[in-house]
Engineer: 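Take this structure first; my questions come after.
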Amino acid sequence: MAAHIDVAAAIIRREDAIFVARRGPNQKMAGLWEFPGGKIETGETPQCCVVRELMEELSMTTAAGAIIATNTHRYEELSVNLIAVEVQMLKDQFTLTVHDRADWVPLNRLLELDLAPADIPIAEQVIAVSEQRGA
Ligand SMILES: Nc1nc2c([nH]c(=O)n2[C@@H]2O[C@H](COP(=O)(O)OP(=O)(O)OP(=O)(O)O)[C@@H](O)[C@H]2O)c(=O)[nH]1
């Protein structure tokens, strides 16, 4: 049976744009765009995980809110349950360490990116939630 992991990913919104990062050359799935985050450790909430991972990988100071979408995707050898958490940046700064690019992408262009496969349904749900909220 394929291994299974729970992964928390940050949905960071600024006006009509979302923060995305491109997986670096030393990461699995290098070159694909994602919502930054990482594996949830035993006993950790998705919110604690995402705040920790954003500090570790991007030196970003954040606060996490509600879970807004989830998606389970089965890769060849790994099943990933991706939990998207709304996150606010508390300081407007970050530093790339594992990713090789980061960008603010308008919501209506999010699906044009070469996203990690698990992220596509998440992006669709984020767009739908934003449309429901009328923003
Ligand atoms: N962080 C993150 N990981 C994702 C996303 N989509 C997706 O399929 N993944 C997968 O989830 C897994 C965990 O991601 P990660 O490598 O960032 O986690 P981590 O920092 O805890 O791992 P590591 O420190 O052991 O390398 C990887 O297999 C990654 O390919 C996403 O949007 N964000």
Side-chain angles (χ1 to χ4, degrees):
M1 203 175 76
H4 177 90
I5 56 170
D6 291 316
V7 173
I11 305 300
I12 311 171
R13 191 162 167 183
R14 192 170 71 185
E15 293 165 10
D16 74 337
I18 301 279
F19 184 87
V20 285
R22 195 171 70 176
R23 294 181 70 87
N26 298 323
Q27 291 188 287
K28 279 173 255 160
M29 299 203 290
L32 297 187
W33 292 86
E34 67 174 13
F35 305 111
K39 286 192 272 289
I40 300 178
E41 293 177 357
T42 309
E44 199 176 36
T45 63
Q47 285 86 352
C48 285
C49 170
V50 84
V51 168
R52 174 182 57 74
E53 290 278 357
L54 290 168
M55 178 52 74
E56 286 174 8
E57 295 188 349
L58 290 156
S59 302
M60 204 186 255
T61 306
T62 59
I67 292 170
I68 54 169
T70 60
N71 177 46
T72 301
H73 185 86
R74 197 171 298 181
Y75 292 104
E76 233 165 71
E77 289 173 358
L78 184 67
S79 162
V80 172
N81 181 35
L82 197 58
I83 302 169
V85 180
E86 267 185 319
V87 167
Q88 279 193 319
M89 275 175 86
L90 300 180
K91 290 184 199 158
D92 190 15
Q93 57 192 44
F94 64 88
T95 307
L96 298 179
T97 58
V98 293
H99 300 95
D100 65 359
R101 279 183 66 186
D103 209 349
W104 292 95
V105 174
L107 268 174
N108 61 5
R109 308 204 63 176
L110 197 50
L111 293 170
E112 293 172 18
L113 290 176
D114 209 356
L115 290 167
D119 297 55
I120 295 168
I122 295 286
E124 288 168 347
Q125 290 176 61
V126 168
I127 292 164
V129 167
S130 300
E131 282 169 358
Q132 278 163 18
R133 288 180 184 171

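If you read the sequence from its start, that first residue is 1, and numbering goes on from there. Ligands are counted one by one from 1 in listed order, and the atoms in each one are counted from 1 as well. Only heavy atoms go into these numbers, but all of them, side chains included; no hydrogens, no water, no symmetry mates.
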Engineer: Does an N or O anywhere in Gln27 fall below 3.5 Å from an N or O of ligand 1?
Structural biologist: no

Engineer: Does ligand 1 have a heavy atom under 4.0 Å from the side chain of Arg23, from its backbone, from both, or from neither?
Structural biologist: side chain

Engineer: Which bit of Val98 gets closer than 4.0 Å to ligand 1, counting heavy atoms only: side chain, backbone, both or neither?
Structural biologist: neither

Engineer: Identify the protein heavy atom lying closest to atom 5 (C) of ligand 1, giving its residue, its atom name and the separation to 0.1 Å.
Structural biologist: Asp119 OD1, 3.5 Å

Engineer: Counting from 1, what ligand 1 atoms have a heavy atom of Leu78 closer than 4.0 Å?
Structural biologist: 28 (O)

Engineer: Show, in sequence, the C-alpha distance, side-chain angles and deciding distance for Lys39 and Glu56, and conclude whether the salt bridge (charged side-chain N to carboxylate O under 4.0 Å, His left out) test is met.
Structural biologist: CA-CA 12 Å; Lys39 286 192 272 289; Glu56 286 174 8; over 6 Å; no

Engineer: Looking only at heavy atoms, is any part of Met29 under 4.0 Å from ligand 1, and if so is it the side chain, the backbone, or both, or is it neither?
Structural biologist: side chain

Engineer: Students should be able to answer this: which protein heavy-atom is nearest to atom 8 (O) of ligand 1, and at what distance?
Structural biologist: Tyr75 OH, 2.6 Å

Engineer: Same cluster or not: Leu110 versus Leu82, using hydrophobic residues (I, L, V, M, F, W, Y) connected whenever any side-chain heavy atoms lie under 4.5 Å apart?
Structural biologist: yes

Engineer: Atom 3 (N) of ligand 1: which protein heavy atom is closest, and how many Å away?
Structural biologist: Glu34 OE1, 3.4 Å

Engineer: Does the side chain of Trp104 come within less than 4.5 Å of Val20's, by heavy atoms?
Structural biologist: no

Engineer: Show the atoms of ligand 1 that are less than 4.0 angstrom away from any heavy atom in Ala118.
Structural biologist: 8 (O)

Engineer: For Phe94 and Phe19, what are the C-alpha separation, side-chain angles and deciding distance, and is it a ring pair (Phe, Tyr, Trp, His ring centres under 6.0 Å)?
Structural biologist: CA-CA 11 Å; Phe94 64 88; Phe19 184 87; 5.0 Å; yes

Engineer: Look up atom CD1 in Ile122 and atom OG1 in Thr70, then write down how far apart they are to the nearest 0.5 Å.
Structural biologist: 6.0 Å

Engineer: Is a donor on one side and an acceptor on the other found under 3.5 Å between the side chain of Gln132 and the backbone of Val129?
Structural biologist: no

Engineer: Give the numbers and elements of all ligand 1 atoms closer than 4.0 Å to a heavy atom of Ile5.
Structural biologist: 12 (C)

Engineer: Mark yes or no for whether Glu57, through its side chain, and Leu54, through its backbone, hold a donor-acceptor pair below 3.5 Å.
Structural biologist: no

Engineer: Between Glu56 and ligand 1, find which residue part has any heavy-atom pair under 4.0 Å and reply side chain, backbone, both or neither.
Structural biologist: neither

Engineer: Counting only N and O atoms by type, is there a donor-acceptor contact under 3.5 Å from the side chain of Gln47 to the main-chain atoms of Gly65?
Structural biologist: yes

Engineer: Please check if atom CD in Glu15 has more than 12 non-hydrogen atoms from other residues, nucleotides or ligands closer than 6.0 Å.
Structural biologist: no

Engineer: Would you mind checking which non-hydrogen protein atom is closest to atom 20 (O) of ligand 1, with the distance to 0.1 Å?
Structural biologist: Glu57 OE2, 3.0 Å

Engineer: What is the closest protein heavy atom to atom 11 (O) of ligand 1, and at what distance does it sit?
Structural biologist: Val7 CG2, 3.5 Å

Engineer: With nothing but distance in play, are any N or O atoms of Gly37 less than 3.5 Å from an N or O of ligand 1?
Structural biologist: yes

Engineer: Among protein heavy atoms, which sits nearest to atom 25 (O) of ligand 1, and what does the distance come to when rounded to 0.1 Å?
Structural biologist: Lys39 NZ, 2.9 Å

Engineer: What protein heavy atom lies closest to atom 33 (N) of ligand 1? Include the residue and the distance to one decimal.
Structural biologist: Phe35 O, 2.8 Å

Engineer: For Ser79, enumerate each residue passing the side chain to side chain donor-acceptor pair (under 3.5 Å) test, keeping only those at least two apart in sequence or located in another chain.
Structural biologist: His4

Engineer: With a 4.0 Å heavy-atom cut-off (strictly under), which part of Ile122 contacts ligand 1: side chain, backbone, both or neither?
Structural biologist: neither

Engineer: Are the side chains of Leu96 and Leu58 in contact, using a 4.5 Å heavy-atom criterion?
Structural biologist: yes

